[in-house]
Amino acid sequence: MTVQLAALPPEVRDAVARCRTRVAALHAELPRYALVVWTAGNVSERVPGTDLFVIKPSGVSYDELRAATMVVCDLDGAKVDDGTGRLRPSSDTAAHAYVYRHMPEVGGVVHTHSTFATAWAARGEPIPCVLTMMADEFGGDIPVGPFAVVGDDSIGRGIVETLRGSRSPAVLMRHHGPFTIGPDARSAVKAAVMCEEAARTVHAARMLGELTRIPDAAVDALYHRYQRAYGQPAMGGAA
Ligand SMILES: O=C(CO)[C@@H](O)[C@H](O)COP(=O)(O)O
C-alpha cells in the first residue's frame, strides 16, 4: 500500500519538508558549477530518522524546481503519496535507493554528466591521485565502476560495490558519468564539484607530460588532516 505523507506523524512531515527545501536549493549548485546541461543531473537526500528519501522530479528544469516539487520515495524507490501529483521521480531513483539501502552511512547521493569526469568515465580510467586536493577529498584515486544501464538496481549495485572498499565519495560509472555520495546531500554535491575539478586538472596535467601519484603515506596524512581539521569546527565542537 502506498505511504500517505499526510498521514505520517508531524515530526516526520517536518523532517520531509526541511529535506525538500535543502534538496531543491542544492540543485541550483549543479548549473552554477557547470556540472550539468539541460536537466542531466540529480540530487537526493535521505530523510533523517525515516525510511524515506527526497529526489528531483525527472526532466524538470532546475529553475523550475521548488521544495513542493521534490519527490518523496521509500527506500525501494517507490514514490509515496507526497502531494506532487503526477510528477515522476528521477530516472536514477533506483540507483539512489539501492545506495541508501546498502550504505546506511550515506545521507546524500548526486549524479551528473560533468564534462571532464564523464570523459574519464567514457575511457573507463580511474583518475590518479596526483593532487593534494584529491588526497584531501577522495583519499586516493577516483575509481571507475562497471557499465550499467539505467532502470534497475545495476547502477546502484555498481556504485556500492566500487565505493564500499574505497575512501572516495565519487565513482565514475563507465560510459555514463560520476555518482557521488556523502553524509548529506550538501557533502555529495561538494564531492561532485571537486570530482569535476580533479578530472579537469589531471587531464590538463597529463597533456603536459607524465604523471606521478602522491606517495600513499602522504595521501593518508593529507586525507586525515583534511577530513578532521578543514574549515570551521562543528557547532558546539571544540575550537
Ligand atoms: O543519466 C541519466 C539517464 O541515463 C539521467 O541522469 C538523466 O540525465 C537525468 O535524469 P532525470 O534525473 O532528469 O530523470
Side-chain angles (χ1 to χ4, degrees), residues 19-47 52-80 82 84-100 106-124 142-160 162-163 169-182 185-186 188-189 191-193 195-196 199:
C19 192
R20 277 172 141 170
T21 299
R22 286 194 300 270
V23 174
L26 281 168
H27 274 91
E29 302 293 273
L30 303 187
R32 179 178 172 220
Y33 284 97
L35 300 182
V36 293
V37 291
W38 201 243
T39 62
N42 40 69
V43 179
S44 74
E45 187 170 75
R46 188 195 302 267
V47 181
L52 301 171
F53 68 95
V54 166
I55 194 165
K56 174 193 126 186
S58 182
V60 176
S61 173
Y62 296 106
D63 55 8
E64 294 173 12
L65 292 177
R66 303 287 181 271
T69 59
M70 291 297 109
V71 177
V72 184
C73 296
D74 65 23
L75 295 188
D76 290 323
K79 177 180 174 181
V80 308
D82 63 1
T84 61
R86 293 165 48 85
L87 281 179
R88 292 186 293 198
S90 166
S91 316
D92 297 298
T93 297
H96 291 236
Y98 189 96
V99 172
Y100 289 130
V106 171
V109 180
V110 171
H111 170 49
T112 79
H113 296 93
S114 60
T115 302
F116 286 87
T118 302
W120 286 84
R123 297 202 63 249
I142 298 176
V144 172
F147 173 56
V149 175
V150 66
D152 58 19
D153 281 347
S154 52
I155 291 179
R157 188 177 301 110
I159 295 167
V160 170
T162 306
L163 291 185
V171 55
L172 309 173
M173 293 302 282
R174 192 182 295 262
H175 299 305
H176 189 170
F179 281 78
T180 60
I181 60 174
R186 180 173 176 77
V189 169
V193 172
C195 176
E196 176 63 6

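First listed ligand is number 1; within each ligand, the first listed atom is number 1.
- Defined by atom type and a distance below 3.5 Å, a donor-acceptor pair is missing between the side-chain atoms of His111 and His96.
- Counting only heavy atoms of the protein, atom 5 (C) of ligand 1 lies nearest to Asp92 OD2, 3.1 Å.
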Output side-chain donor-acceptor pairs under 3.5 Å for residues 23-31, partner residues at least two apart or in another chain, one line each.
| unit_1 | atom_1 | unit_2 | atom_2 | d |
| --- | --- | --- | --- | --- |
| His27 | ND1 | Val23 | O | 2.8 |
| His27 | NE2 | Val43 | N | 2.9 |
| Glu29 | OE1 | Arg32 | NH1 | 2.8 |
| Glu29 | OE2 | Arg32 | NH1 | 3.1 |

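- The shortest contact between atom 10 (O) of ligand 1 and any protein heavy atom is with Ser91 OG, 3.3 Å.
- The distance from ligand 1 to the heavy atoms of Lys56 drops below 4.0 Å at these ligand atoms: 11 (P), 12 (O), 13 (O).
- Judged by the shortest distance from any of its heavy atoms, His113 lies inside the 4.0 Å radius around the atoms of ligand 1.
- The two residues Gly41 and Val36 have their closest heavy-atom pair at CA-CG1, 3.8 Å.
- For a threshold of 3.5 Å applied to N or O pairs, the pair formed by Pro57 and ligand 1 contains no separation below that value.
- Ligand-side atoms of ligand 1 in range of His176: 1 (O), 2 (C), 4 (O), range being under 4.0 angstrom from any heavy atom.
- For the pair Glu196 (side chain) and Ala117 (backbone), a donor-acceptor distance under 3.5 Å is present.
- Every pair passing salt bridge (charged side-chain N to carboxylate O under 4.0 Å, His left out) that includes a residue from residues 144-158 is listed here, sequence neighbours excluded: Arg101-Asp153.
- Listed for the Tyr100 side chain is a donor-acceptor partner under 3.5 Å among the backbone atoms of Val109.
- Summary of contacts: the protein heavy atom closest to atom 9 (C) of ligand 1 is Thr39 O, 3.6 Å.
- Shortest contact from atom 12 (O) of ligand 1 to any protein heavy atom: Ser90 OG, 2.7 Å.
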